[in-house]
There are 2 protein chains.
Amino acid sequence: MAIRPAEQLIHKAAWLYYAHGLRQDEVASQLNISRASVAMYLRKARETGIVNISTSTQLFTDDVMARKVEDAFGLDAVWIAPENAYLADPSTDIAVLAASVFLELVKKGDRIGVAWGRTVYTIADIMSFADLQDVTVVQLCGNLGAPYSYRPDQCTMEIARRLNAKGLNFYAPLVLSTEELAKSLRAEPVIRDQLAGIANCDLALYSVGAVDADSHLVKCGALSPAEMEGLRSQGAAGVIAGQIIDAGGEVLDCSYNRRVISAELASLRAIEKRLMVVQEDTKFEPLLSAIAGGLCTHLVIGAHMAGRLLQYAEAATKKAS
Amino acid sequence: MAIRPAEQLIHKAAWLYYAHGLRQDEVASQLNISRASVAMYLRKARETGIVNISTSTQLFTDDVMARKVEDAFGLDAVWIAPENAYLADPSTDIAVLAASVFLELVKKGDRIGVAWGRTVYTIADIMSFADLQDVTVVQLCGNLGAPYSYRPDQCTMEIARRLNAKGLNFYAPLVLSTEELAKSLRAEPVIRDQLAGIANCDLALYSVGAVDADSHLVKCGALSPAEMEGLRSQGAAGVIAGQIIDAGGEVLDCSYNRRVISAELASLRAIEKRLMVVQEDTKFEPLLSAIAGGLCTHLVIGAHMAGRLLQYAEAATKKAS
DNA sequence: CACGGCTCTCGACAAAAGTCAAACTTGGTT
DNA sequence: AACCAAGTTTGACTTTTGTCGAGAGCCGTG
């Protein structure tokens with residue numbers, strides 16, 4: 001047979017099975033191979049995104065609560081994962097939902113900005129494969145040598161791999177020891193171009209971090225617990241793409257932020273669809289800050305978090321009136 | 001579209017099964033129903049487009065021949081169904097491919113123009129269900145009381161049903177007995193609006209008809225075999241949305257055309273993506289005319305037809321040089 | 001309130017799909 | 001040429017899924 005018999009065969013088998021609706025044994029006899037091979041080809045077809053199986057996420061936006069959150073915070077779309085109604089682990093449910101929503105939002109030819117964190121990596125990990133043409137996945141912030149598998153570059157590459165897209169990594173550390181060095185590095189053509197390209201993204205995927213000792217920034221050694229505490233008293237409210245933001249969703253004026261190589265918030269806000277996913281209930285204040293700062297247009301959260309947001313919004317309206 | 005309790009269950013089952021990857025018995029115990037019910041719900045979910053299973057049509061555009069046809073005729077994209085390599089009935093293969101391509105081209109919020117004919121109805125009939133929001137399917141030409149099931153309004157409605165979209169029918173006959181009456185009818189607000197709306201479509205789906213006694217126009221009594229023959233000698237080369245076109249793909253100047261209520265070719269050309277599907281090998285000349293008239297940007301054909309097109313293109317280039 | 005007609009649900013069986021170790025290619029290396 | 005490693009392919013077996021008729025609930029009607 002020709003150059004790549006495997007890929008051709010996978011495609012043909014998938015076509016006959018999924019598009020024409022033949023049974024596996026019928027496909028097998030058509031292609032003169034055993035049914036076992038057909039089964040294997042079909043698995044590969046699903047794994048490589050030659051066939052796409054997607055379920056509508058309508059149910060989760062049609063929710064009354066989701067509508068209320070949209071209205072209360074002026075968001076474009078909100079998806080709410082019903083907590084403990086379905087599965088043992090609610091955070092998995094949020095990630096599965098987020099992955100589906102993400103795939104629904106991506107279009108051919110898109111440029112996608114991806115941040116990092118446990119949430120983002122979990123999403124990447126459970127996301128099904130797709131065969132999107134001309135998609136580029138860009139890393140939103142510098143790297144951090146984390147002892148975990150959710151380093152910024154890994155998040156980017158894994159998502160790129162799943163989408164069959166091109167991954168554009170950031171070859172710089174997230175945080176440097178002096179402001180001087182950070183400034184010089186940001187001026188480097190390679191880095192400058194990458195930073196400039198972020199505003200051209202069509203879609204961003206990120207979560208928001210909490211300002212506490214459990215933060216990845218602390219765990220990965222970018223900040224000490226004491227420093228974190230200090231930033232907190234200076235008004236730090238959350239972490240976005242490795243940067244500390246205040247309660248209004250603006251970059252906090254501090255030495256740490258000046259030493260960071262990451263996407264400017266203005267660039268992030270220039271991205272049309274900003275998909276934020278929050279799994280942990282403890283991230284309530286960080287999420288509020290991110291929303292206040294206009295860093296999120298599309299939101300995926302759990303039912304409990306949604307309840308807290310609505311409660312907060314109601315209280316705010318009452319106070320105002 | 002209020003979600004009924006049954007729909008909720010279908011959605012939940014589909015979500016657990018397809019998104020979370022649980023087995024049917026696991027889903028059953030989660031939802032406290034029998035596995036048999038789960039299986040039934042899942043079938044319904046597939047039938048209503050709550051879950052989408054689509055296979056990439058890449059293979060058919062990646063083909064060398066498809067590329068050549070694209071280049072030779074200046075088309076945006078060409079898909080070629082390999083003939084007799086796969087199944088007994090090659091025309092089914094073309095229709096299955098066309099349906100997949102069509103679903104790949106449709107986007108949320110699109111407005112889609114649909115003509116009529118056996119080809120179009122076959123495509124509608126085998127097309128899988130989808131849950132596209134805010135899609136409108138508009139009928140491109142007036143109606144014809146055909147003794148078959150592929151009347152213009154049926155084609156439109158069936159496709160609308162499959163996509164879960166709104167169907168906009170044409171409440172006028174395709175052809176009238178006098179030019180006067182056709183003119184008055186075209187001026188009617190209802191009709192005028194519909195005709196005007198055609199140019200706003202994002203995607204059109206049609207085939208091209210042959211100018212012979214087998215044509216639907218003859219079979220449905222719009223024209224007699226003798227009239228058809230007469231038109232042929234006047235330069236008729238094909239039929240598009242009920243109108244007769246000449247070899248250059250322009251409307252033929254004849255009484256029949258002046259009595260027809262259908263989309264103006266200029267409106268059709270204003271549609272960004274014009275997907276033409278041709279099953280029969282005998283429609284070679286009609287297809288050439290349609291291409292010449294710029295009525296087709298995306299094309300789905302069989303391998304044999306592709307061969308003839310290339311042969312023709314080569315001959316034309318040789319003659320020119 | 002009993003009766004058909006209706007849809008929804010379930011259990012049991014049949015059909016189809018998934019899996020795995022072993023046999024077999026294939027392409028490169030000693 | 002012989003050998004090895006990586007990757008396919010297969011038959012036999014197990015698990016999962018599809019289907020169908022029976023039964024259960026539900027409602028409007030005579």
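As the structure is a prediction and not an experimental result, all values here were calculated from the model. First the proteins, then the strands, lettered A, B, ... as listed; each starts at 1.
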Proximal nucleotide (of [options]) relative to the [X] side chain:
| X | options | value |
| --- | --- | --- |
| Arg35(A) | dT17(D), dA17(C), dC10(C) | dA17(C) |
| Ala39(B) | dG18(C), dG18(D), dT10(D) | dG18(D) |
| Ser34(B) | dT17(D), dC10(C), dG18(C) | dC10(C) |

What is the distance, rounded to the nearest whole Å, between atom [atom1] of [X] and atom [atom2] of [N]?
| X | N | atom1 | atom2 | answer |
| --- | --- | --- | --- | --- |
| Lys44(A) | dT19(C) | NZ | C1' | 15 Å |
| Leu16(B) | dT17(D) | CG | C1' | 17 Å |
| Asp25(A) | dG18(C) | CG | P | 12 Å |
| Glu47(B) | dG18(D) | CD | P | 12 Å |
| Arg43(A) | dT9(D) | CZ | C1' | 13 Å |
| Leu31(A) | dT9(D) | CG | P | 11 Å |
| Met40(A) | dT10(D) | CE | P | 10 Å |
| Glu26(B) | dT15(D) | CD | P | 14 Å |

Checklist entry - side-chain contact (heavy atoms from CB on, under 4.5 Å) with Ser56(B): which of Thr48(A), Leu132(A), Asp131(A), Asn164(A)? => result Asp131(A)
Item to check | Member of Ile159(A), Leu168(A), Val114(A), Asp153(A) meeting the side-chain contact (heavy atoms from CB on, under 4.5 Å) criterion with Gln139(A) | outcome: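 Only match with Gln139(A) under side-chain contact (heavy atoms from CB on, under 4.5 Å): Asp153(A).
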Next on the checklist: Need one value for Leu42(B): base, sugar-phosphate or nothing, where a base atom within 4.0 Å counts as base even if backbone is also close, heavy atoms only.
Outcome noted: nothing
[N] OP1/OP2 closer than 4.0 Å to side-chain N/O of [X]:
| X | N | value |
| --- | --- | --- |
| Arg23(A) | dA14(C) | no |
| Tyr41(B) | dT9(C) | yes |
| Gln24(B) | dT15(D) | no |
| Tyr17(A) | dA17(C) | yes |
| Ser37(B) | dT9(C) | no |

Item to check | Between Arg46(A) and Tyr41(A): side-chain donor-acceptor atoms closer than 3.5 Å | outcome: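 Tyr41(A) and Arg46(A) do not have a side-chain donor-acceptor pair below 3.5 Å.
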Checklist entry - Aromatic rings His298(B) and Trp79(B): how do their planes relate, parallel, tilted or perpendicular, breaks at 30° and 60°? => result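 Parallel, since the angle between the ring planes stays under 30°.
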Checklist entry - Between Val300(B) and Met276(B), does a side chain to side chain contact (heavy atoms under 4.5 Å, CB included) hold up when you go through it step by step? => result CA-CA 6 Å; Val300(B) 177; Met276(B) 176 159 287; over 6 Å; no
